[in-house]
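Here's the structure, in structure tokens; my notes come after.
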Amino acid sequence: MPSYDNLIQVARSVKRDLDHDSKAFRSYERMELTSRLRTVSGEPTTRIKLSLGADLERALSDQGLRCYPRLTETTTGDRIRIFRAGSTVGDLLDAVLVPSPDHDRRLAEALKKFKGTWEWDRGSHTGASETTAAELFAKLLPRGEQLEYVRSLDDPDLATT
Amino acid sequence: MILLDDHLVRDLVAGELPSEVEEPEEEFATTNLWLVRLAGALTRQGISSSLSGSIKGLGEADAMRFRQHLTERVELLTVLPMRDIVWSIAELQQRHREAGHLLSTAMAEVLAAAHALGATIAVAEDDVGPGLQAAAAADDISFRIVARG
């Protein structure tokens with residue numbers, strides 16, 4: 001039976017994955033976590049069943065991580081998504097999964113933001129003649145202006161060398 | 001993963017990224033100091049980070065969506081925190097200086113980030129650093145010079 005230290009090692013390896021790629025979340029095959037646990041525990045037949053799944057969730061939580069669906073509700077062959085507690089994806093999941101007036105408001109705010117982004121990026125609802133945010137950016141910072149700025153830098157730390 | 005220079009980040013935000021770099025499944029990264037240069041160029045154009053600040057020629061609504069667009073695009077990029085790579089930057093700068101490749105701190109950060117992320121470095125053809133290109137070749141880091149038409 002793997003020890004809690006083994007579970008902490010697996011949780012830390014997941015956190016390292018997220019830190020390395022500067023990600024707020026990432027999906028894993030459940031089997032990937034089982035393989036890592038087998039490696040660190042030296043027990044090649046270990047399986048993450050109910051009790052071990054709950055302990056691994058606790059180890060993840062100690063690293064500031066949560067997962068959905070829960071390990072205790074999934075089985076071999078399933079995928080789970082691990083995310084940083086307090087991140088936007090965590091807030092969104094809570095807003096969807098836990099019905100409450102506060103979460104209704106959060107969900108509505110998120111949808112509004114998403115819809116706004118969609119409209120601005122594609123100009124779908126703003127009329128064909130309206131300038132998109134990307135076009136505004138291109139107009140405000142033409143390539144030549146940026147190049148000239150970089151060439152004018154007299155800071156040796158920022159220079160292109 | 002492709003590490004974009006400040007010119008290509010500008011192109012990404014402007015929706016003008018050359019097609020040879022813009023692949024649907026590709027993940028992009030950049031560096032702290034390339035972002036500093038981009039912010040410097042924007043500041044010179046009269047664009048501040050202040051939410052209430054005006055932007056030359058833009059009304060309030062356009063200024064707000066301009067800032068939101070810029071923020072969202074930049075948030076999509078992977079940027080390694082400086083504290084994670086400072087030793088690597090210093091060591092690479094020293095090692096390559098001794099080998100005759102002059103690297104500014106900005107270029108040493110690029111090399112350190114490429115090492116840490118296993119990324120390809122992509123730079124705009126009109127601002128290629130000879131020291132960075134030589135150092136990347138010496139360290140077996142993939143280096144692409146991107147034509148922008």
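Lettering follows sequence order; numbering is per chain, from 1.
Options B/Gly131, B/Ala106, B/Gly40 differ in how many heavy-atom pairs under 4.5 Å they form with chain A, and the most are formed by B/Gly40. Ranked by heavy-atom pairs under 4.5 Å with chain A, the list B/Leu132, B/Leu33, B/Asp127, B/Leu12 is led by B/Asp127. Interface remark: of the candidates B/Asp126, B/Leu103, B/Leu102, B/Asp126 forms the most heavy-atom pairs closer than 4.5 Å to chain A. Each of B/Ala108, B/Gly15, B/Ala29, B/Ala116 has some count of heavy-atom pairs under 4.5 Å with chain A, and the biggest count is that of B/Ala116.
Counted by atom type alone, A/Ser27 and A/Arg79 present zero donor-acceptor pairs between their side chains at under 3.5 Å. At a cut-off of 3.5 Å, with distance as the only test, no side-chain donor of B/Arg144 or B/Thr120 sits close to an acceptor on the other residue.
Cation-pi check for B/Arg73 over B/Phe28 is not met; the charged atom does not lie both under 6.0 angstrom from the ring centroid and within 45 degrees of its normal.
Between B/Phe66 and A/Phe137, the ring centre distance stays below 6.0 Å.
Judged by distance alone, the side chain of A/Arg70 and the main-chain N or O of A/Gly53 form no donor-acceptor pair under 3.5 Å.
The part of B/Gln45 that comes within reach of chain A is its side chain, from C-beta onward, which places non-hydrogen atoms under 4.5 angstrom from that chain. For B/Val128, the part lying near chain A is the backbone, with the side chain staying farther off; criterion is any non-hydrogen pair under 4.5 Å. For B/Asp11, the part sitting under 4.5 Å from any heavy atom of chain A is the side chain, from C-beta outward, and nothing else. Contact annotation for B/Arg37: both backbone and side-chain heavy atoms come within less than 4.5 Å of a heavy atom of chain A.
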- [ ] Evaluate the criterion side-chain contact (heavy atoms from CB on, under 4.5 Å) for residue pair B/Val146 and B/Glu20; output intermediate values, then yes/no.
- [x] CA-CA 8 Å; B/Val146 180; B/Glu20 68 167 283; 3.9 Å; yes
